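Notes follow once the structure below has been shown.
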Amino acid sequence: MKSAVIYYSRTGKTRYVAKEIEKMTDATDMEIKDLTNRSGISAYISYAMDIFDNKITYIEPKHVDITDYDKIYIGTPVWGSNVAPAIFEIINRTDFRCKDVVTYVTFKGAGEIKALDVLNNLVRQKGGNIIKSFAISSSDVNEFTFNTRRALKNLENY
Ligand SMILES: Cc1cc2nc3c(=O)[nH]c(=O)nc-3n(C[C@H](O)[C@H](O)[C@H](O)COP(=O)(O)O)c2cc1C
């Protein structure tokens, strides 16, 4: 069974989880870059503007080819109790029919349930079959690795 991890990460937390999944499952890395300036305070300003604009952003790569993959992991940081714009974009451009999908979010303190709900609904609208979801808090950096390993342990049978 071939797996791939599609994710966006601004400051590395969601990427860290993606890399752990890749190590565990031999999954292919499909990192999505957001071409909008999201550094520092710009992240919050540009995000507010994205909401106004219905979250349109430019991403790289523009598309991912998941034809040969059976299982897809999708990760995003929680932004305003929602998914990051780059993930919104890539899901909209991808056909997830016949794919089993595991979703995850990283977050600082709140909004993870709503963000996972949005994420799962987006994937379902594109035909994906959600088989598992999880959220990892990044609020305590020292706990992050521990919490990641604990969450991924439950993934071993997936
Ligand atoms: C624009 C923006 C909005 C955010 N909104 C939330 C939020 O609603 N709830 C939350 O817990 N964390 C929020 N965060 C924090 C990130 O979700 C958290 O730090 C995440 O783990 C970062 O992942 P990354 O390192 O992969 O970018 C926000 C961060 C940014 C930049």
Side-chain angles (χ1 to χ4, degrees), residues 1-22 24-25 27-38 42-138 147-148 151-152 154-155 158:
M1 176 176 286
K2 280 181 77 178
S3 307
V5 192
I6 299 171
Y7 64 95
Y8 163 76
S9 182
R10 191 179 77 96
T11 56
K13 303 293 190 316
T14 314
R15 183 183 303 110
Y16 180 92
V17 179
K19 296 291 176 193
E20 292 293 311
I21 294 170
E22 288 164 20
M24 274 178 59
T25 65
T28 301
D29 186 282
M30 295 188 177
E31 180 169 8
I32 306 300
K33 298 284 184 190
D34 190 331
L35 301 183
T36 305
N37 180 12
R38 308 282 185 190
S42 305
Y44 297 89
I45 297 166
S46 63
Y47 179 57
M49 286 162 72
D50 278 341
I51 292 177
F52 204 66
D53 272 352
N54 241 347
K55 288 198 204 73
I56 300 298
T57 195
Y58 297 95
I59 55 172
E60 192 59 49
K62 290 187 180 66
H63 299 278
V64 287
D65 184 359
I66 58 168
T67 321
D68 293 339
Y69 295 88
D70 316 284
K71 191 193 293 175
I72 311 296
Y73 296 84
I74 305 179
T76 177
V78 172
W79 279 18
S81 305
N82 208 318
V83 304
I87 285 299
F88 180 86
E89 281 299 316
I90 197 67
I91 292 173
N92 263 338
R93 296 174 191 196
T94 309
D95 182 358
F96 288 97
R97 279 178 298 177
C98 303
K99 306 294 177 190
D100 284 338
V101 182
V102 177
T103 54
Y104 73 91
V105 296
T106 69
F107 69 107
K108 204 136 209 174
E112 77 281 13
I113 306 281
K114 184 162 174 284
L116 269 180
D117 211 36
V118 172
L119 178 56
N120 289 351
N121 281 333
L122 288 171
V123 172
R124 285 192 188 107
Q125 278 165 24
K126 299 297 291 185
N129 174 38
I130 305 288
I131 56 171
K132 192 176 174 71
S133 299
F134 61 95
I136 300 180
S137 170
S138 61
N147 288 340
T148 300
L152 297 190
N154 300 327
L155 274 182
Y158 283 87

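Every value quoted in this text rests on a predicted model; they were computed, and no experiment measured them. Numbers here are sequence positions counted from 1.
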Can you list everything that forms a side-chain hydrogen bond (donor to acceptor under 3.5 Å, both in side chains) with T11? Sequence neighbours excluded, please.
none
Can you tell if the side chain of V5 reaches within under 4.5 Å of the side chain of T28, non-hydrogen atoms only?
no
Please report the shortest heavy-atom distance between K108 and S137, naming the atom on each side.
O-OG, 3.7 Å
Does T76 reach the side chain of Y7, with side-chain heavy atoms less than 4.5 Å apart?
no
Can you see whether T106 engages T14 through a side-chain donor-acceptor pair at a distance of less than 3.5 angstrom?
yes
Residue pair V102, I74: steps toward the side-chain contact (heavy atoms from CB on, under 4.5 Å) verdict
CA-CA 6 Å; V102 177; I74 305 179; over 6 Å; no
Output the distance between atom CD1 (I130) and atom CG (L119), rounded to the nearest 0.5 Å.
6.5 Å
Would you mind listing every ring-ring contact (aromatic ring centres under 6.0 Å, His included) that reaches into residues 93-123, with sequence neighbours excluded?
Y104-F134
What pairs meet the salt bridge (Lys or Arg N to Asp or Glu O under 4.0 Å) rule with one or both residues in residues 7-19, with sequence neighbours excluded?
R15-E31, K19-E22, K19-D29
Looking at residues at least two apart in the chain, or sitting in another chain, which of them share a salt bridge (Lys or Arg N to Asp or Glu O under 4.0 Å) with R124?
none
Please answer whether the main-chain N or O of N92 pairs with a side-chain N or O of K126 as donor and acceptor at a distance below 3.5 Å.
yes
Residues forming a salt bridge (Lys or Arg N to Asp or Glu O under 4.0 Å) with D70, sequence neighbours excluded:
none
For the pair K99 (side chain) and Y69 (backbone), establish whether a donor and an acceptor sit closer than 3.5 Å, ignoring hydrogens and angles.
yes
Within the 4.5 Å heavy-atom criterion, are Y8 and R38 side-chain neighbours or not?
yes
Look up atom OG in S3 and atom CD1 in I21, then write down how far apart they are to the nearest 0.5 Å.
9.5 Å
Could you tell me whether K62 atom NZ has more than 12 heavy atoms of other residues or ligands within 6.0 Å of it?
no
Kindly compute the distance separating CG (D100) from CG (N129), expressed to the nearest 0.5 Å.
5.0 Å
Using a 3.5 Å cut-off and no angle test, enumerate the donor-acceptor pairs between side-chain atoms of residues 109-118 and protein atoms at least two apart in sequence or in another chain.
none

Does any non-hydrogen side-chain atom of I59 lie less than 4.5 Å from one of L35?
no
Got a second to check how far K2's NZ is from I72's CD1, nearest 0.5 Å?
10.0 Å
Could you give the distance from CG (D34) to CD1 (I90), rounded to the nearest 0.5 Å?
11.5 Å
Would you check if there is a donor-acceptor pair between the side chains of N37 and S46 at a distance under 3.5 Å?
no
Side-chain heavy-atom pair F88, W79 within 4.5 angstrom cut-off:
no
With side-chain contact (heavy atoms from CB on, under 4.5 Å) as the criterion, how do V101 and I131 come out once you've worked through the C-alpha distance, each side chain's angles and the decisive distance to 0.1 Å?
CA-CA 6 Å; V101 182; I131 56 171; over 6 Å; no
Could you check whether any side-chain heavy atom of Y16 comes within less than 4.5 Å of a side-chain heavy atom of S138, counting everything from C-beta outward?
no
How close do V64 and P61 get, heavy atom to heavy atom, and via which atoms?
CG1-CG, 4.2 Å
Is the closest side-chain donor-acceptor distance between T57 and T36 under 3.5 Å?
yes
